[in-house]
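Read through the structure below, which is laid out as structure tokens, and then see the notes.
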Amino acid sequence: MAPFTMTISALLESKLRSATASFGPVEARVQAANDARFGDYQTNIAMVLAKQQKANPRQVAQQIIDQLDVADMCAPLEIAGAGFINFRLKPEWLAKHFTGFLSDARLGVPQPEHARTLVIDFSSPNVAKPMHVGHIRSTFLGDALSRIAEFVGHKVIRDNHIGDWGTQFGMILLGWKTELNKEALAADALLEMERIYKLISARCKADPATLQAAQQELVKLQSGDEENLQLWHEMIRLSQAQFDAVYARLGVRFDVTLGESFYNPQLKDVVVQLRDRGIARESEGAWCVFSDQVGKPENDPFLIKDKDGWRDNPAMVQKSDGASNYTTTDLATLEYRLKTWSPTEIVYVTDGRQQLHFRQLFAIFGRWHSELAATVRLAHVWFGAVLGDDGKPFKTRSGDTVKLVDLLDEAEERAYALVTEKNPEASEADRREIARVVGLGAVKYADLLPNRQSDYVFSWEKMLSFQGNTAPYLQNAYVRIRAIFRKAGEAFEVGNTAVELVEPAELSLAKKLLQFGEVLPFVLEDYRPNLLANYLFELATIYHGFYEFCPVLKSEGATRTSRLALCDATARVLKQGLGLLGIEAPERM
RNA sequence: GCGCUCGUAGCUCAAUUGGAUAGAGCGUCGGCCUCCGAAGCCGAAGGUUGUGGGUUCGACCCCCGCCGGGCGCACCA
């Protein structure tokens, strides 16, 4: 028998490869059937081959079946529809196979053939500004992708590219010197820094003298003025302390936090290199990268079409005042990451509005470091907006951005009220802890469930309704399983438990559990944790069906042991799967 | 104006990247607690996938044209 950590689809694919060898090279893909009437797994390979060879798909399917040796695993194969081959797993084979799953620490997730190294750039809050609702998707997505990649067996570097440099610091410095409230700073540093920033920013718009004063503070900072540098360091320290508190609360960690300022020493050199190599040229006093005229104009990020045809859409790498901007910083960052970690992949988790920027960035980098660029997959993993009930960006009633800590507080408060209502006899401390896990989980799950590219409507009622496809539903499935083991009283050792798969609900559950290992690599292909969320919801639903129809503690002998084993496996997959989404699974709720 | 992106059940979203009769949740209607936690389960109703063409064995998915929304278009990031 193949090593356990080969998924069933991979097992069938390898057999299919040998069965189709005589047809020439073709990608053998077997996927879980989307409808139980079509068996457990299906492949459309016969139709692919038939198209290539202009043959009859059903005849090709028959020829493949004649070569396919799966009699031990599957019931006799059927050809269905236009030429699908359907696989139905034999319950005896499944039961035997499932026994291996029970003692597998990796829960059936195969070791990757080639371990990748991913730098994942996510969260990226700004110094001197409180984290807000705009940071949740990047933070949750980046964290989930990091956890998943790591669990699958890849190496991950979590990099928080904080915004610690830029023109806003002129205003904040001016405000710090003239308007700072020390008590307010001590109470909530980010709130106070934001207040003085907004104050000066508004004043700058109305008053040229203030604007000039702010610009002078910025020039002093950039030229190394000691006082301003010291204040700036203080702002970073205060901000980082609050970021750390939020991340600790969220269970998010980073391997490195290298802000934009870290790359300042490289910026001049980046521009010089781009200039010397003819990649950037001067335009209206600024230095910009233009199209290299290679490739189709419609795929060229440096061209844009207007009524007179294609015109330039350059990327600026140095402003006319001599300062660099974010494209330059991102180029320096990219170079640093490649030279430091030699990643196979760099993933940027930001909102969709930055698509053009990243297309230009990747294109510039390819021209600047073509040999290095060829070694790495650069991915802009973008996401849509979080909207309010009105379909507009999510704001407070008064129109302000929603602070992340306020959002988390409210989630826990609402969860606390619900837990108290549902479970009034639990102690205050227990209810608080459950509310924390459930409230946080609800927010994270609601964010990770939709396709990342869609905008989604933020709704407390929905995520905390505790019905349907929500974190609490999944957590509850876990809790119910744990209750069974508490009630059983005896210690349950999985070992090499022989499993009986007789009832339809038992079979469905075992099959679904075995698919955990098929889902995770797929999630990483397109960086879509929502596929894991969907899988977990389906698993929990199937478990609930099993729970209704297959009594565990009331059954006896081998059936009881077998069902306990199914429960144990489900609990482990649920806990692990939720954990990969950054969500905890409570013992009671 | 140009580009990106989205348009799927009353509402909120999926759809294994071109596969079979498009699925969930909420809401609506009808069932199930002397039975391991009912935060659950079972069932019903609900669709010309914005629209008109095209490509092929097969299209929510790819191509072309419209309609509508969001975002972006060099000195913010």
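In what follows, chains carry the letters A, B, and so on, assigned in the order in which the sequence lines appear, proteins first and then strands, with residues in each chain numbered from 1.
- A:E518 comes within contact range of no nucleotide atom at all, as no heavy-atom separation falls under 4.0 Å.
- The two residues A:A332 and A:V270 come nearest to each other via the heavy atoms CB-CG2, 4.0 Å.
- A:P450 comes within 4.0 angstrom of sugar-phosphate atoms only, judged by non-hydrogen atoms across all strands, and of no base.
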Could you tabulate the donor-acceptor pairs under 3.5 Å formed by side-chain atoms of residues 77-84 of chain A, not counting sequence neighbours?
unit_1: A:E78; atom_1: OE1; unit_2: A:R88; atom_2: NH2; d: 3.4
unit_1: A:E78; atom_1: OE2; unit_2: A:R88; atom_2: NE; d: 2.7
unit_1: A:E78; atom_1: OE2; unit_2: A:R88; atom_2: NH2; d: 3.1

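- Here A:K392 does not reach the OP1 or OP2 of B:rG70: none of its side-chain N or O atoms lies under 4.0 Å away.
- With distances taken from any side-chain atom of A:Q467 to the nucleotides B:rC76, B:rC36, B:rG27, the minimum falls on B:rG27.
- For A:K319, the side-chain atoms get nearest to B:rC75 when compared with the rest of B:rA15, B:rC41, B:rC75.
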Q) Base, backbone or nothing for each nucleotide of nucleotides 17-24 of chain B, written B, S, -, heavy atoms under 4.0 angstrom, 5' to 3'? A) B-BBB--S

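- Side chain of A:V479, nearest nucleotide from B:rG37, B:rA39, B:rA74: B:rG37.
- When the C1' atom is used for both B:rU5 and B:rC61, the distance is 15 Å, rounded to whole Å.
- Within 4.0 Å (heavy atoms only), A:Y456 reaches sugar-phosphate atoms of the nucleic acid but no base atom.
- Applying the 3.5 Å distance criterion, the base of B:rA74 shares a donor-acceptor pair with the side chain of A:E284.
- Using a 4.0 Å heavy-atom distance criterion, A:D330 is classed as making no nucleic acid contact.
- In this structure, CG of A:D321 is placed 17 Å from P of B:rA74, rounded to the nearest angstrom.
- Taking a cutoff of 4.0 Å between a charged side-chain nitrogen and a carboxylate oxygen, A:E506 and A:R563 qualify as a salt bridge.
- For RNA chain B, runs of at least 3 consecutive pairs of the Watson-Crick or G-U wobble type, with both hydrogen-bonding distances under 3.5 angstrom, map to B:1-7 with B:67-73, B:10-13 with B:23-26, B:28-32 with B:40-44, B:50-54 with B:62-66.
- Under the 4.0 Å criterion applied to side-chain N and carboxylate O atoms, A:R137 and A:D351 are not assigned as salt-bridge partners.
- Legend: salt bridge (Lys or Arg N to Asp or Glu O under 4.0 Å) pairs involving residues 448-473 of chain A, not counting sequence neighbours, sorted by first then second residue: A:R414-A:E461.
- For the pair A:R281 and A:W287, the cation-pi criterion (under 6.0 Å, within 45° of the ring axis) is not fulfilled.
- Nearest heavy atoms, A:M463 versus A:A442: O-CB, 3.6 Å.
- Checking the phosphate oxygens (OP1, OP2) of B:rA77, no side-chain nitrogen or oxygen of A:N126 falls inside 4.0 Å.
- Atom CZ of A:R588 and atom C1' of B:rC36 are 14 Å apart (whole Å).
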Q | Letter per nucleotide, 5' to 3', of nucleotides 3-11 of chain B [B base touched, S only sugar-phosphate touched, - untouched; heavy atoms, 4.0 Å] | A | -SS------

Could you pull out every donor-acceptor pair under 3.5 Å between side chains of residues 125-132 of chain A and any protein atom, sequence neighbours left out?
unit_1: A:H132; atom_1: ND1; unit_2: A:G134; atom_2: N; d: 2.9

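- Closest to the side chain of A:N476, from the set B:rC41, B:rG40, B:rA74, is B:rG40.
- Distance, A:N530 CG to B:rG25 P: 17 Å, rounded to whole Å.
- In B:rC13 the O4'-C1'-N dihedral to the base is more than 90° from 0, which defines an anti nucleotide.
- Map A:L356 and A:D455 each onto its nearest nucleotide of RNA chain B; the residue landing nearer the 5' end is A:D455.
- Between A:V289 and A:F302, the shortest heavy-atom distance links the atoms O-CD2, 3.6 Å.
- As judged by a 4.0 angstrom heavy-atom cut-off over every strand, A:V457 is placed among residues touching the sugar-phosphate backbone only.
- For the pair A:T7 and A:L514, the minimum side-chain heavy-atom distance is 4.5 Å or more.
- Here A:S454 lies in heavy-atom contact (under 4.0 Å) with sugar-phosphate atoms only.
- Here A:R37 pairs with A:D35 in a salt bridge; the nearest charged N to carboxylate O distance falls below 4.0 Å.
- Nucleic acid contact for A:Y326: base, since at least one base atom lies under 4.0 Å from a heavy atom of the residue.
- Taking every heavy atom of both residues into account, A:L581 and A:L448 meet most closely at O-CD1, 3.5 Å.
- The nearest heavy atom of RNA chain B to A:E587 and to A:Q318 marks one nucleotide each, and the one closer to the 5' end goes with A:E587.
- Base orientation at B:rU17 is syn, since its O4'-C1' glycosidic dihedral falls within 90° of 0.
- The nucleotide whose nearest atom lies closest to any side-chain atom of A:Y547 is, among B:rC35, B:rG37, B:rC76, B:rG37.
- Atom CD1 of residue A:I484 and atom CG of residue A:D568 lie 11.0 Å apart, to the nearest 0.5 angstrom.
- For B:rC41, the OP1/OP2 oxygens have a side-chain nitrogen or oxygen of A:Y473 closer than 4.0 Å.
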